[in-house]
Each structure stands twice: as C-alpha cells, then as structure tokens.
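Quick notes on the structure that follows.
On a predicted model such as this, the values are computed, not experimentally measured, just so you know.
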Amino acid sequence: MEILKPQPTSKAPSDWFTGDVWWDVIYAGQEPSRMRANMVRFAPCARTDWHSHVLGQTLHIVSGTALVQARGGEIVEVHPGETIYTPAGEEHWHGAAPDRFMTHLALWEAPGEGDTETTWGDKVTDEEYNGPRANRR
C-alpha cells in the first residue's frame with residue numbers, strides 16, 4: 001500500500017475551458033495502470049471545450065448542477081449523486097449551470113504510454129451553451 005502525496009490544485013487551461021475552472025489530480029496511474037481521476041470545480045457558466053476521450057469518460061456530479069451535451073444532442077442537466085458516461089470518441093462538453101457552481105469527479109483511462117487521451121475541439125459558444133435543455137423530470 002502507498003499513500004499518494006496530493007498535488008496542488010491547479011487552474012484548468014483556457015485552451016480547453018471557458019470561465020474559471022480548477023482541478024485536483026486525484027490519481028494519474030503509471031503503467032500498467034491507466035486510470036485517471038480528477039476533482040474538477042466549475043464557476044457558474046464555466047465549461048469545457050468540445051472534446052472526446054479515446055476510451056470514454058465517466059462524470060460523477062458531487063455538487064451543483066452540471067450541463068452536459070453530446071454533439072447533435074440536447075443539453076442534459078445532471079445533479080449531485082448522478083453519474084453520466086460518454087462513450088469512446090463521442091464529442092461532448094460539460095460545465096456548470098449559469099447560476100450554480102458545480103463540482104464533478106472525472107474518471108477516464110489513458111490508452112497507453114504516449115498515446116492521446118483526449119482530443120480537444122472548438123470552444124462551446126454562448127449560443128450552444130444556452131441551447132435547449134432536455135426535460136428529464
């Protein structure tokens with residue numbers, strides 16, 4: 001057993017995010033482990049850019065209201081205690097609702113040493129961010 005020393009909280013890069021986003025790297029496994037886990041905190045309206053993960057991604061909402069959208073789909077609200085999975089290669093974005101901070105636990109796997117984990121695309125425009133939301137309730 002090993003207790004891992006926590007890394008400092010860092011601000012997410014503006015190349016991949018809009019608004020104020022901070023993360024804590026919880027785990028970045030070294031071969032043979034490919035597990036990745038980050039706790040990510042979004043200010044209201046903050047969001048990722050469009051992106052996809054080569055092996056998919058799981059988001060567990062810890063607090064606040066998350067907005068998640070797959071390319072071509074409606075925006076879905078996700079609430080604390082709920083978990084959403086985006087399959088491998090599915091282009092999507094996620095972030096906080098306009099009126100709430102949001103924290104999620106992001107879980108994904110790296111494909112292998114030196115391979116690309118995430119492909120980043122365009123910024124999510126305000127028009128896209130404010131698009132229609134799916135009514136789940």
Side-chain angles (χ1 to χ4, degrees):
M1 178 177 7
E2 177 184 1
I3 296 175
L4 303 174
K5 182 180 178 183
Q7 297 180 24
T9 298
S10 59
K11 186 158 179 43
S14 60
D15 289 352
W16 299 341
F17 294 83
T18 296
D20 287 327
V21 179
W22 295 83
W23 64 43
D24 290 292
V25 175
I26 295 171
Y27 185 71
Q30 302 299 310
E31 293 290 342
S33 172
R34 301 180 309 170
M35 184 65 209
R36 304 287 190 256
N38 285 1
M39 188 68 71
V40 188
R41 295 166 184 87
F42 293 77
C45 292
R47 56 204 180 253
T48 68
D49 294 353
W50 286 102
H51 66 285
S52 64
H53 301 273
V54 71
L55 296 174
Q57 182 185 48
T58 300
L59 302 174
H60 179 77
I61 309 310
V62 176
S63 66
T65 302
L67 302 179
V68 181
Q69 182 181 27
R71 180 72 80 178
E74 290 184 299
I75 298 169
V76 177
E77 283 190 15
V78 189
H79 301 277
E82 294 182 319
T83 302
I84 190 161
Y85 174 72
T86 55
E90 182 176 75
E91 194 174 23
H92 67 284
W93 65 267
H94 39 94
D99 58 347
R100 305 271 306 174
F101 282 86
M102 185 273 290
T103 300
H104 69 49
L105 178 62
L107 306 162
W108 73 101
E109 289 183 89
E113 189 68 35
D115 291 332
T116 300
E117 298 175 20
T118 305
T119 301
W120 291 96
D122 296 333
K123 294 281 182 200
V124 173
T125 66
D126 288 344
E127 183 177 275
E128 289 170 318
Y129 175 81
N130 292 308
R133 294 188 194 174
N135 186 357
R136 298 188 319 126
R137 294 182 183 216

Student check: side-chain heavy atoms of Glu77 and Leu67 closer than 4.5 Å: yes
Apply side chain to side chain contact (heavy atoms under 4.5 Å, CB included) to residues Thr119 and Val54 and explain how you reach the verdict. CA-CA 8 Å; Thr119 301; Val54 71; over 6 Å; no
Return the minimal non-hydrogen interatomic distance between Ala96 and Tyr129, and the atom names on each side. O-OH, 2.6 Å
Is there a donor-acceptor contact under 3.5 Å linking the side chains of Trp16 and Thr48? no
Heavy-atom closest contact (Pro8 atom, Asp24 atom, distance): C-OD1, 4.3 Å
Check whether any side-chain N or O of Arg47 sits under 3.5 Å from a backbone N or O of Val124 as a donor-acceptor pair, and report yes or no. yes
Would you give the length of the straight line joining atom CE of Met35 to atom CD of Gln30, rounded to the nearest 0.5 angstrom? 13.5 Å
In chain order, what residues pass the side-chain hydrogen bond (donor to acceptor under 3.5 Å, both in side chains) check against Thr83, with sequence neighbours excluded? His60
Taken to the nearest 0.5 Å, the spacing of His79 NE2 from Ile61 CD1 works out to 9.5 Å
Partner residues of His51 under the ring-ring contact (aromatic ring centres under 6.0 Å, His included) criterion, sequence neighbours left out: His53, His92, His94, Trp120
What are the two closest heavy atoms between Ala46 and Val21, and how far apart are they? CB-CG2, 3.7 Å
Applying the 4.5 Å side-chain criterion to the ILVMFWY set and letting contacts propagate, would Phe101 and Val62 be lumped into a single cluster? no
Are any non-hydrogen side-chain atoms of Asn38 and Trp108 less than 4.5 angstrom apart? yes
I need the Glu117 CD to Leu55 CG distance, nearest 0.5 Å. 9.0 Å
Heavy atoms of Ser63 and Pro80 approach each other most closely as CA-CG, 3.9 Å
Could you check Thr103 against Met39 for side chain to side chain contact (heavy atoms under 4.5 Å, CB included), going step by step and ending with a plain yes or no? CA-CA 7 Å; Thr103 300; Met39 188 68 71; 3.5 Å; yes
Looking only at heavy atoms, which two atoms of Gly19 and Lys11 are closest? And how far apart? O-NZ, 4.1 Å
Give the other cluster members for Tyr85, using side-chain heavy-atom distances under 4.5 Å between Ile, Leu, Val, Met, Phe, Trp and Tyr residues; answer none if it is isolated. none
Quick one: pull up CG in Asp99 and OG1 in Thr65 and give me the separation to the nearest 0.5 Å. 7.0 Å
Is it the case that one hydrophobic cluster holds both Leu107 and Ile84, taking links as side-chain heavy atoms less than 4.5 Å apart, direct or via other members? no
Residue pair Glu128, Ile75: steps toward the side chain to side chain contact (heavy atoms under 4.5 Å, CB included) verdict: CA-CA 9 Å; Glu128 289 170 318; Ile75 298 169; over 6 Å; no
As an exercise, state the distance from CD of Glu74 to CD of Gln69, rounded to the nearest 0.5 Å. 9.0 Å
Arg36 side chain to Gly29 backbone, donor-acceptor under 3.5 Å: yes
If the plane angle is over 60° it's perpendicular, under 30° parallel, otherwise tilted; pick one for Trp50 and Trp93. perpendicular
Pairwise distance OG1(Thr125) to CG(Asp49) - rounded to 0.5 angstrom: 11.0 Å
Arg100 and Pro44, any side-chain heavy atoms less than 4.5 Å apart: no
What's the verdict on side chain to side chain contact (heavy atoms under 4.5 Å, CB included) for Phe42 and His104, showing C-alpha distance, side-chain angles and the deciding distance? CA-CA 9 Å; Phe42 293 77; His104 69 49; 3.3 Å; yes
More than 12 heavy atoms of other groups within 6.0 Å of Glu127 CD: no
